[in-house]
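Note that the structure is a prediction, hence the values are computed from the model and not measured.
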Amino acid sequence: RRVMLDRMGAEAYDAFFDYPTPESYVRALIQSLILERIHFYGAFAFFYNLAREGKMVGSSTIISYINKDELVHTKFQSELIRAVLGENPELHTTGLEDYILESFSNAVDGELKLSTPLLQPLSGIDMAEFGDYVRYRANKMVGMLGLDEIYDGVSQNSMPWIRAYVDNFDGVKTDFFEQKVRQYAKVGADDGFDDI
């Protein structure tokens, strides 16, 4: 799966690179939110569906750690956007709100166009549910930015089985490559290896 950068995203990054202003910074951050919370999440659903079917379970574990990092990134980015707008209230305009809503709408359309031919042939993923899942992610993100939902009737996760792969953390961040075996039995002086 390739990383999608639509026209609006590319223009926002180029504008910030060429003219680093608070406004171009906010627009680039919005595009980063879209990349991490819309486009990445579509790919995550693919791997979680494989794990649900007992395939590539190790890969889904790695993806779940990446997913957890994306949650942290997007929470920080949304707070940063709100802070920049708080310090520069002149930037919080109807034009910026329209830009945010149009950007998320375009991202959802692009994600569904890319994902449909890739995911439709797979068992376990219902494309109507997937479409609502992507719309739900967009609604959640614009809500974090203080805006009203874009899509009516999509306020709940339509693919709740994904939570089993994302929300199963104990709150401790670990490096996947350094993690230890978590399930083990202790042997004491009174028992031996045959008792394990």
S.K.: Are any non-hydrogen side-chain atoms of Leu112 and Phe130 less than 4.5 angstrom apart?
M.R.: yes

S.K.: Can you name the nearest heavy-atom pair linking Ile30 to Ser103, along with the distance?
M.R.: CG2-CB, 4.5 Å

S.K.: Which pair of heavy atoms, one from Asn139 and one from Ile150, lies closest together, and at what distance?
M.R.: OD1-N, 2.8 Å

S.K.: Going by the rule side-chain hydrogen bond (donor to acceptor under 3.5 Å, both in side chains), which residues pair with Arg137 if we only count those two or more places apart in sequence or in a different chain?
M.R.: none

S.K.: Treat each ILVMFWY residue as a node, draw an edge where side-chain heavy atoms are under 4.5 Å apart, and state whether Leu50 and Val57 are in one component.
M.R.: no

S.K.: First locate atom CE of Met8, then atom OG of Ser105, and finally report the distance between them rounded to the nearest 0.5 Å.
M.R.: 9.5 Å

S.K.: When rounded to the nearest 0.5 angstrom, what is the spacing between CG in Leu35 and OH in Tyr41?
M.R.: 12.0 Å

S.K.: Could you tell me whether Asp148 atom CG has more than 12 heavy atoms of other residues or ligands within 6.0 Å of it?
M.R.: no

S.K.: Does the side chain of Leu33 reach to within under 4.5 Å of the side chain of Leu145, using non-hydrogen atoms?
M.R.: yes

S.K.: Is the shortest heavy-atom distance from the side chain of Phe44 to the side chain of Ile162 under 4.5 Å?
M.R.: no

S.K.: Do the side chains of Ser115 and Phe46 get nearer than 4.5 Å, heavy atoms only?
M.R.: no

S.K.: Distance alone, cut at 3.5 Å: any donor-acceptor contact between the side chains of Ser32 and Tyr13?
M.R.: yes

S.K.: Classify the side-chain pair Glu53/Ser123 by whether it contains a donor and acceptor separated by less than 3.5 Å.
M.R.: yes

S.K.: Would a distance-only check, ignoring hydrogens and angles, find a side-chain to backbone donor-acceptor pair under 3.5 Å from Ser60 to Ala51?
M.R.: no

S.K.: If I take atom CD from residue Glu129 and atom CD1 from residue Ile125, how far apart are they, to the nearest 0.5 angstrom?
M.R.: 10.0 Å

S.K.: What's the spacing between Leu85 CG and Glu23 CD if we round to 0.5 Å?
M.R.: 10.0 Å

S.K.: Shortest non-hydrogen contact from Thr74 to Met144?
M.R.: O-CE, 4.4 Å

S.K.: State, yes or no, whether a side-chain contact exists between Arg37 and Lys140 at a heavy-atom distance under 4.5 Å.
M.R.: yes

S.K.: Indicate yes or no: at least one non-hydrogen side-chain atom of Tyr25 is less than 4.5 angstrom from one of Val84.
M.R.: yes

S.K.: Closest heavy-atom contact between Leu91 and Pro22?
M.R.: CD1-CB, 3.6 Å

S.K.: Can you check whether Phe40 reaches Ile66 side chain to side chain, under 4.5 Å on heavy atoms?
M.R.: no

S.K.: Quick one: side chain to side chain donor-acceptor pair (under 3.5 Å) pairs with a partner in residues 86-100, sequence neighbours left out?
M.R.: Gln31-Tyr99, His92-Glu97

S.K.: Do you know the tightest heavy-atom contact between Ala107 and His39?
M.R.: O-CE1, 3.7 Å

S.K.: How many angstroms lie between atom OG of Ser158 and atom OH of Tyr133, to the nearest 0.5 angstrom?
M.R.: 8.5 Å

S.K.: One pair to check against side-chain contact (heavy atoms from CB on, under 4.5 Å): Asn49 and Arg52. What are the steps and the verdict?
M.R.: CA-CA 5 Å; Asn49 181 62; Arg52 188 167 68 142; 3.1 Å; yes

S.K.: Are Tyr151 and Asp132 linked by a side-chain donor-acceptor pair shorter than 3.5 Å?
M.R.: no

S.K.: If you round to the nearest 0.5 Å, how far is CZ of Arg82 from CD of Gln77?
M.R.: 14.5 Å

S.K.: Quick one: closest heavy-atom pair of Phe16 and Ala28, and the distance?
M.R.: CB-CB, 4.1 Å

S.K.: Assess, by modelled atom type and distance only, whether the side chains of Ser24 and Thr21 contain a donor and an acceptor separated by less than 3.5 Å.
M.R.: yes

S.K.: Would you check if the side chain of Ser64 reaches a backbone N or O of Thr61 as a donor-acceptor pair within less than 3.5 Å?
M.R.: yes

S.K.: Is any side-chain heavy atom of Val142 less than 4.5 Å from a side-chain heavy atom of Leu101?
M.R.: yes

